[in-house]
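Below is one structure, written out as C-alpha cells; comments come after it.
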Amino acid sequence: MNYNFNEIEARWQKYWAENQTFKAKNPGSIPKGEELPKYYVLDMFPYPSGAGLHVGHPLGYIASDIYARYKRHKGFNVLHPQGYDSFGLPAEQYAIQTGQHPALTTENNIKRYREQLDKIGFSFDWSREVRTSNPDYYKWTQWIFIQLFESWYDYEQDKSRAISELEEIFSAEGNTRVKAACDDEVEDFSAEEWNAFSSEEKQRILLKYRLTYLAETEVNWCPQLGTVLANDEIVNGVSERGGHPVIRKKMTQWSMRISAFAERLLQDLDKIDWTESLKESQRNWIGKSEGAQIKFKIQNSKFKIPVFSTRPDTIFGVTFMTLAPEHELVQKITTPEQKEEVEAYIAASAKKSERERMADVKTISGAFTGAYAEHPFTKEPVPIWIGDYVLAGYGTGAVMSVPCGDQRDYDFARHFDLPITNIFENADISEEAFSGKEGTVIANSDFLSGLEYKEALQRVILELEKTGHGYGKTNYRLRDAVFSRQRYWGEPFPIYYKKGLPHPIPTHCLPLELPEVEKYLPTEEGEPPLGRAEKWHWDEKNEKVVAVEDNEKPPLGVWGLELNTMPGWAGSSWYLFRYMDPHNEETFVSKEAQQYWENVDLYIGGSEHATGHLLYSRFWTKFLHDRGFLSVEEPFKKLINQGMILGTSAFVYRLEGENVLLSKNLVGKNNVQPIHVDVSLVNASDELDIEGFKKWRPEFAEAKFVTEEDGTYKVGREVEKMSKSKYNVVNPDDICENYGADTLRMYEMFLGPLEQAKPWNTAGITGVHNFLKKLWKLYHSGPDGEFLVETSHPSGGIEGGLKTLHKTIKKVTEDIENFSFNTSVSTFMICVNELSAQNCNQKEVLEPLAVLIAPYAPHIAEELWAKLGHSESVVTAAYPVYEEKYLVESTKNYPVSFNGKMRFTMELSLDLSEEEIEKTVLADERTKNYLSGKTPKKMIVVPGKIVNIVI
RNA sequence: GCUCGAGUGGCGGAAUUGGUAGACGCGCUGGAUUCAAAAUCCAGUUUCUUCGGAAGUGUGGGUUCGAUUCCCACCUCGAGUACCA
C-alpha cells in the first residue's frame, strides 16, 4: 500500500469539515468540568485579490496552524479563526474597468481563496469567519466610529471619556481648566459663556474635542486614484498601489485623534512580546522628543512665533529664526521691501513636490522676510528667514536657528552669511556645527554659562516658565490619521450633515448599508462615488435612508449623508475581537466572550504593517478599553513576523534588435535584453522547454535559439518578489496535487527560519516528500507493504526506539515553543531515519510519533492514528511528554586537549565526578606520552563536555 | 545619514549561559537493483594535502586553555526611517 496522499488528504479534510473538528467553544457552551485554558492564535487576515494564493501566502498560516494544533494537543481551548479584509482598492479599480460590482468579484475571490486554503488542511474555525465588507460586520465598524465621535481625550485622567461628560464640565466651569486633546485654536470660555452658546455653536466647539473630528487638512491627494492617501500609503512620493504621483491639497476630512494616545502607545510597547525591531519602528514612528516650546515676539508687531526645540539650552546661540515657507505668519510679517523675494520663494517651493523636496536635501535655499524677532533673554533682534528645510508639518513649523549646534542651521548660516556665535566651551565650530550633548559645558550664555548640558536644560526651562516665554514640552512626530477616502468600496460613514454640522445616525439604525451606484468613479463635480447614489439622504424623523432628486431641495428633516468612505484599516483595527463572538447582533463582542478570550496570544503576519495596521489596532483597542467595552489595553500579546517567500524568476536573453535568443552562458559581452519566462517552462536544471516557450509567446515562434554545447537552452535566474507579472509564481494547488498538502506544509517550514525572507525552490521538496514516504513505510511494514504495527515487542527490541522517540519529543517541543519550525522538521527526519535503521515499528513508539507529527503533517497523522485503532481524531490526542530516563547517555566522547590544542578523544562515563575524570585522563597512555613525565599546571574539566590540560 | 538585523560548503541552512563547526535537506559522485528509465536502497561529498596532517564560519585586532558564539574597528548585504528642530 502506497502513501496515497491525495486520497488521504481529501478524506480527512472532509471529515474535519463534517465533524467541525476545529470549532472553538465559547464559555457558555463549555460543559461544567471540561473547562480548558484558552489560547488565541491569529493570522493577519488576507485581502482576497483576484490572483489567488501563491506559495508565499500560506507560510504564516502554516506556522500559526502548527502552533494552534500543538496547543490543542497540550490541552488548550484554541481559538484559531480566519476571515477576509474584503474592502479595498483593487476590487474597486476592477469595478471601474469592468463595471462588475466589487461585492461580486470579492465574493468570487473569496471562494477561490477558501478552496486553496482548504486544500492545505488548516485547522481554522470557519464558523467564525468575518468579512469586513459584510454589513453584519461593518455595522460594528460604524458603531465604533460613532463611539469615537462621542468621545474626547482627558489628559488629566489619561483616558478617553464620553463627550457628555465634557459638556457637563463646560456647563459647570467652562473649558479653561480642562486638559483635553483638541484643536490648538479653541478659545477659552467660561461656564456662563458656554451655557449662552446656541446648540450649533456648542456642536461646533465639541467637534474640536471629539476623537474623530472634521478638519481642513492638507492631504496627500492622488489625482489618478481620485483619493486621499495616508502617509504610510505613499512610498517614495508615489502611491503604494499603482505608483501614481501624489500632490498636496487642502480638504475637509475626518481625522482620528491618535496623537492623544501617543505616550500610551509608546509606553505600552514595553508590556508586549514583539520583536525589538518592530517595537523600534513604532517608537520611531511615534517619534517622541522632549524639549521646550518657546515664544519669540516679533518686533513692531502683535504676533508671536512659537518654536519647539530639543536644545533650549542653546538659546543664547540663536542668531536667526527660520519658518517653513507655508507658515501662516509669513504673509503677515514680511516687510514690503522683501515681499517680492519672499513670494517668489514661496511660489518656488510650492511648485516643488514633496518628492522633489525630499530628494533635494543638499541644496540650501531660503529668503529673508525683513522682519525681526526679539530674543527672549537678550532682547537682541533676531532676523526671521524662511527656508524649506523647515517642515510645516512638524512641531510648530518654525525653528530657532542655532548654527553653532545644528548642522542644518550651520549650513544655512554659511550659505547666507549669517553670524554664528559659539556658545560651547572647548568646541571647534570652524568647519561644522557641534552637536555633542552629554558633558558639554555651555559658555557665553548669561545665566547658563558654566553649566553642563543637563543642568542648563533644566535651568533654561525654569527660566522660560518664570518669564512666561515658554515651557517644557514633549513633542511627537505621530500625526492624527486622516480617515476619509473618496472611494466606493469601503464602510460608509454613519454621518449626515445638518446645517453644515455632522450628526451620527442613531446606532439602532446601523448598519448604514453601502448604496448602489451606476459607476464607481468620482462624480463630474468631483464628489466621491457615493455622490452618484440615488438614495443617499437621511430622513431624521423616519430614521431611514431616502432619495432626493439632484435638482431638488431636500424636504424638511432630510439631510445629505457623508459621501466619503472609511479607509482599509477601519475594519482591520478591531476584527480580532469579532472572532470571539462573531454572530452577536447586540454588541460587537459580548463582555463574557471578550473576558474569556481576552486578546490575541499569538499573532503572525508580515512586518509591512508595523506602522499602519498594528498601530491603529492598538489605538482602537486602547480607546475601546477606556470606554469600558474591552478588558484589555493591547490587541496582540505576542507577535511574529514571517519573512516573505521570494520567487526565483527565469530569463531568456534576446540579442538587442534581433529575433535571436542566447542561452545564459553564451551571453558574454553581447548586448541582450532579459525577458521573463514562466517558471513552469523551465526544469530543475534550468533548461528551457523551447517548444513550450514558443507556444506561450507566439511572437518568438520564429526566433532562433542559440543553445549550449549539449544542445540545451539554459535560462538565467534571479530572486525577486513572487508576482504574476514576473511569471515566477508557484501555485500551492499544484504542489498539493503533486506532493500533498503535508509535504507543502513541512517544506515551507523546512525552507528556513520563519522570520527570514527566503527564495522558493521547488526542487528541494523531494527531500521532505521522501521523509513522509519513509514515515508511511514505518507503519506499513507488512510483507506487501500493508499496515503493520507491533503491539508487543520482542524482549530488548524497543530500547533504541524509545530513546529516539524521547529525544525527538524533547527537541521538537522546544523548537515549537521557540518557533524554530525548520529545525524541528530536521529532527523528524533524523527520528524516522533512526527508527527505520532499527526496524522499530512498535506501537509504543509509533503512536506518540503520530501525535508529535500531527501539527506539521495533519493528514497523514490522522490516517495513521485511525489505523492505530483510535476512533477520535488525533487533534484531541494528548501531546507526548518525554521521559528523562530515555535521554540519559552513559558515556560520552570527551575531547582531551593540551594547551588548547586538541589531541585525542576519550570515551568517558557520565557518572564520573570531576576528580575521577582527571584521574582517568592522567592514567591514560596517550596523556602520559604527551606529558612525558611533566606535571600539568592546571586541568580544566567540564563534566559532559571537555578536558583541557595546561602544561 | 540614523536605527535594527544578518554575513558559515556548490545551494537552503544547523550549532551561541564560549566546548568535536558544517546537523538535516537539495545538488553532485560512485555503487546496488533494472533490458532500460523512474522509484528505492547503500557509500561518499568544507578546502588544501607530501595522506603524517594543515587551514577554515565577511576582514583585521582583542579577551580565553578554548571563539561561528563575547569585545573593538572595518567591509558587504538586507529591512525600516528620513531635512524631526
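- In this structure, B/rC51 makes no Watson-Crick or G-U wobble pair, since no nucleotide meets both defining distances under 3.5 angstrom.
- With respect to A/K803 and A/E834, no salt bridge is recorded, no charged nitrogen being found less than 4.0 Å from a carboxylate O.
- Backbone-only contact: A/S277 has heavy atoms under 4.0 Å from sugar-phosphate atoms and none from a base.
- Picking from B/rA15, B/rU40, B/rC83 the nucleotide with the shortest atom distance to the side chain of A/T823 gives B/rA15.
- Out of B/rA85, B/rC24, B/rG13, the shortest distance to the side chain of A/M829 is found at B/rC24.
- Nucleotides B/rG10 and B/rG5 place their C1' atoms 26 Å apart, quoted to the nearest Å.
- In this structure, A/D409 reaches neither bases nor backbone, as no heavy-atom distance under 4.0 Å exists between it and the strands shown.
- Ring pair A/F412/A/F320 is parallel by interplanar angle, where below 30° counts as parallel and above 60° as perpendicular.
- Comparing B/rU45 with B/rC24, their C1' atoms sit 15 Å apart, to the nearest whole Å.
- Rounded to whole Å, the distance from CH2 on A/W274 to C1' on B/rG80 is 15 Å.
- The pairing partner recorded for B/rA36 is none, the criterion being a Watson-Crick or G-U wobble arrangement whose two distances lie under 3.5 angstrom.
- Because its glycosidic torsion is more than 90° from 0, B/rG66 is reported here as anti.
- Atom P of B/rA15 sits at a distance of 11 Å from the matching atom of B/rG7, rounded to the whole Å.
- With P as the reference atom, B/rC83 and B/rC75 are 25 Å apart, rounded to whole Å.
- Backbone-only engagement by A/N822 is indicated by non-hydrogen atom pairs under 4.0 Å involving sugar-phosphate atoms exclusively.
- B/rC74 is paired with B/rG58 under the criterion used here, namely a Watson-Crick or G-U wobble arrangement in which both key atom distances are under 3.5 Å.
- Figure legend. B/rC24 is base-paired to B/rG12; pairs are counted as Watson-Crick or G-U wobble with both atom distances under 3.5 Å.
- Using a 4.0 Å heavy-atom cutoff across all strands shown, A/N761 reaches no nucleic acid atom at all.
- We find that A/K758 and A/E748 are not joined by a salt bridge, their nearest charged nitrogen and carboxylate oxygen being 4.0 Å or further apart.
- Pairing of B/rC2, defined by two Watson-Crick or G-U wobble distances under 3.5 Å, is identified with B/rG80.
- Between A/N770 and B/rG25 there is no side-chain polar atom (N or O) within less than 4.0 angstrom of OP1 or OP2.
- Nearest nucleotide to the A/L391 side chain, out of B/rC26, B/rC4, B/rA85: B/rA85.
- Base orientation of B/rG9: syn, since the glycosidic angle falls within 90° of 0.
- Rounded to whole Å, the separation between the C1' atoms of B/rG9 and B/rC28 comes to 13 Å.
- Considering only side-chain N and O atoms, A/Q756 lies nowhere under 4.0 angstrom from the phosphate OP1 or OP2 of B/rG12.
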A/D742 vs A/F5, test: side-chain contact (heavy atoms from CB on, under 4.5 Å). Steps then yes/no.
CA-CA 8 Å; A/D742 286 346; A/F5 46 86; over 6 Å; no

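- Shown here, B/rA43 forms a base pair with B/rU29; the pair counts as Watson-Crick or G-U wobble because both key distances fall under 3.5 Å.
- Classified by interplanar angle (parallel below 30°, tilted 30° to 60°, perpendicular above 60°), the ring pair A/W776/A/H780 is parallel.
- Ring pair A/Y747/A/H769: centre-to-centre distance not below 6.0 Å.
- Residues A/D273 and A/K279 are not paired through a salt bridge, judged by the lack of any N-O separation under 4.0 Å between the basic side chain and the carboxylate.
- Closest to the side chain of A/T766, from the set B/rC24, B/rG13, B/rC26, is B/rC26.
- Look at the P atom in both B/rC2 and B/rC74: the space between them is 11 Å, to the nearest Å.
- Checking B/rC83, B/rA82, B/rG13 against every side-chain atom of A/W285, the shortest atom distance belongs to B/rA82.
- Put simply, A/R408 has a side-chain N or O that comes within less than 4.0 Å of OP1 or OP2 on B/rC84.
- Taking atom C1' in both B/rU40 and B/rU46, the straight-line distance is 29 Å, to the nearest Å.
- Distance check on atom C1': B/rG19 versus B/rC70 gives 15 Å, rounded to whole Å.
- Relative to the side chain of A/I830, the nucleotides B/rA23, B/rC83, B/rG12 differ in distance, and B/rA23 lies closest.
- Atom CD of A/Q407 sits in a crowded spot, with more than 12 heavy atoms from other residues, nucleotides or ligands closer than 6.0 Å.
- If you check B/rC83, B/rA14, B/rA85 against the side chain of A/P753, the one that comes closest is B/rA14.
- As a whole-Å value, the separation of A/K777 NZ from B/rA39 P is 13 Å.
- With RNA chain B read from its 5' end, the first of the two nearest nucleotides for A/T396 and A/K774 is the one closest to A/K774.
- Nucleic acid contact class of A/E276 (heavy atoms, under 4.0 Å, all strands): none.
- Considering only side-chain atoms of A/R477, the nucleotide from B/rA82, B/rC26, B/rU40 that sits closest is B/rA82.
- The listed nucleotides are B/rC24, B/rC83, B/rG13; the one nearest the side chain of A/K758 is B/rG13.
- Across all strands shown, the partner of B/rG19 is B/rC65, judged by Watson-Crick or G-U wobble contacts whose two distances both fall under 3.5 Å.
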